[in-house]
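Encoded as C-alpha cells, the structure appears first; notes follow it.
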Amino acid sequence: MALITCNECGRQISDRASSCPGCGAPVAGNAPVQQLIDAGTAKTAVTGLAAWLVAPWIGRALFAIAALIFLGYLLTSGR
Ligand SMILES: [Zn+2]
C-alpha cells in the first residue's frame, strides 16, 4: 500500500482508496468503476423488485375499486 497525492486537495491518501477521504475526489487510476456497476445493478434490481412487488398490488387495487364501484352500481340500481 502506497501513498499518492490527491489531484484535488493534495492530501496524501492510500492508492487503494477509491476516493479521497478528504475531498471525496475519485483516485486516478483507481476509479470506483466496480462500485458504479454495483450501484447501477443494485438500482436496477431494486427498481425491478419494487415494480414486481407494486404492480400486482396496483392491479389488485384497481380491480378491487372497479369491483366495488360495480357492486355499488348494482346495489343502488337494483332498488
Ligand atoms: Zn482530496
Side-chain angles (χ1 to χ4, degrees):
M1 188 168 92
L3 288 176
I4 58 174
T5 304
C6 174
N7 292 328
E8 295 295 327
C9 66
R11 193 186 291 247
Q12 292 289 307
I13 57 178
S14 166
D15 64 348
R16 291 193 179 186
S18 59
S19 62
C20 173
C23 66
V27 175
N30 204 12
V33 176
Q34 189 61 44
Q35 290 180 14
L36 290 174
I37 292 173
D38 288 345
T41 305
K43 192 175 180 182
T44 305
V46 167
T47 305
L49 184 63
W52 182 74
L53 287 173
V54 169
W57 281 102
I58 292 173
R60 288 175 204 162
L62 288 175
F63 181 78
I65 291 167
L68 284 174
I69 292 170
F70 184 65
L71 280 174
Y73 175 76
L74 279 182
L75 289 174
T76 53
S77 65
R79 289 176 184 172

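Order of appearance sets the numbers: ligands from 1, and atoms from 1 within every ligand.
Taking CD1 from Ile4 and CD1 from Ile13, the interatomic distance works out to 5.0 Å, rounded to the nearest 0.5 Å. Taking CZ from Arg11 and SG from Cys23, the interatomic distance works out to 7.5 Å, rounded to the nearest 0.5 Å. Here CG of Asn7 is found 9.5 Å from SG of Cys9. Values are rounded to the nearest 0.5 Å.
Residues passing the side chain to side chain donor-acceptor pair (under 3.5 Å) test with Gln12, sequence neighbours excluded: Thr5. In this structure, the side chain to side chain contact (heavy atoms under 4.5 Å, CB included) partners of Ile58, at least two apart in sequence or on a different chain, are Val54, Leu62. With sequence neighbours excluded, the residues satisfying side chain to side chain contact (heavy atoms under 4.5 Å, CB included) with Ile65 are Ile69.
Below the 2.8 Å limit, the Zn ion (ligand 1) has as protein N, O or S neighbours Cys6 SG, Cys9 SG, Cys20 SG, Cys23 SG.
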